[in-house]
Amino acid sequence: PVDGASSYEVNLKQCSADDALSARSVLLKETFSKFVASSTYGSNYLLDSVLDRFMETEGWRGVNAYYTSTNEIKLGSNTQKGKLVTPTLTSETGMVTICISARQYNSDTGLLNVSINDKNIGQIHPSQTQDVYVYSVPVSDTFKVTFETSAKRVFVGKLAVFDGTYDEAV
């Protein structure tokens with residue numbers, strides 16, 4: 001019921017889960033769709049200085065971030081940690097939901113630490129399959145999300161940041 005209304009009409013529209021997600025407050029969405037088979041870039045092509053060229057949104061920063069041909073980005077090397085930092089984002093609700101898919105590199109058992117404005121919010125233990133991990137956390141108005149490997153390599157597939165809690169985002 002709506003206070004003060006003598007009548008009202010509700011219009012419902014059927015949509016898929018993907019449609020519902022795209023209609024929400026998406027602050028950032030990255031599918032790594034530009035990471036495909038290429039004769040120019042190999043799997044050891046370091047992206048740190050040219051990362052924006054491959055991302056759907058500008059403003060990313062990477063350290064030991066490598067090109068792949070599988071719609072994923074590889075973070076880290078055999079001897080170096082890897083890091084991926086989002087552009088600066090702004091929340092209107094004070095809560096955000098981070099959805100990320102990740103998997104381990106071959107038999108590496110590296111961890112992926114997730115932080116907001118340099119404050120750790122979680123640690124991912126990737127398996128050999130591309131699993132999805134979800135975090136809903138409070139944030140200040142502007143923030144950056146950092147994904148950093150502990151020591152070994154990790155593949156990151158898709159990621160999205162929504163304004164609001166998980167229940168509101170899905």
Between Cys99 and Phe162, which heavy-atom pair has the shortest distance, and what is it?
SG-CE1, 3.9 Å
Verify the distance criterion only: is there a donor paired with an acceptor across the side chains of Thr142 and Thr90 at less than 3.5 Å?
no
Keeping [X] on the side-chain end and [Y] on the backbone end, is there a donor-acceptor pair under 3.5 Å?
X	Y	result
Ser101	Val132	no
Glu30	Glu56	yes
Asn64	Ser77	no
Ser127	Thr129	yes

Mind running side chain to side chain contact (heavy atoms under 4.5 Å, CB included) on Phe143 and Ser91 for me, showing each step along the way?
CA-CA 8 Å; Phe143 63 97; Ser91 171; 4.0 Å; yes
When the aromatic ring centroids of Tyr66 and Tyr45 are compared, is their separation below 6.0 Å?
no
Student check: side-chain heavy atoms of [X] and [Y] closer than 4.5 Å:
X	Y	result
Ser140	Asn117	yes
Thr97	Val161	no
Arg61	Lys83	yes
Val156	Phe32	yes

Applying the side-chain hydrogen bond (donor to acceptor under 3.5 Å, both in side chains) test to Lys152, which of Thr109, Asn78, Asp108 qualifies?
Asn78
Between Asn120 and Ser115, is a side chain to side chain donor-acceptor pair (under 3.5 Å) present by the stated rule, with each step listed?
CA-CA 4 Å; Asn120 190 13; Ser115 59; 5.9 Å; no
Going by an N to O cut-off under 4.0 Å, is there a salt bridge joining Glu72 and Lys158?
no
Is it the case that one hydrophobic cluster holds both Leu28 and Ile98, taking links as side-chain heavy atoms less than 4.5 Å apart, direct or via other members?
yes
Decide side chain to side chain contact (heavy atoms under 4.5 Å, CB included) for Leu112 and Gln123; before the verdict, give the C-alpha distance in whole Å, the side-chain angles of both, and the deciding distance to 0.1 Å.
CA-CA 6 Å; Leu112 188 64; Gln123 193 172 61; over 6 Å; no
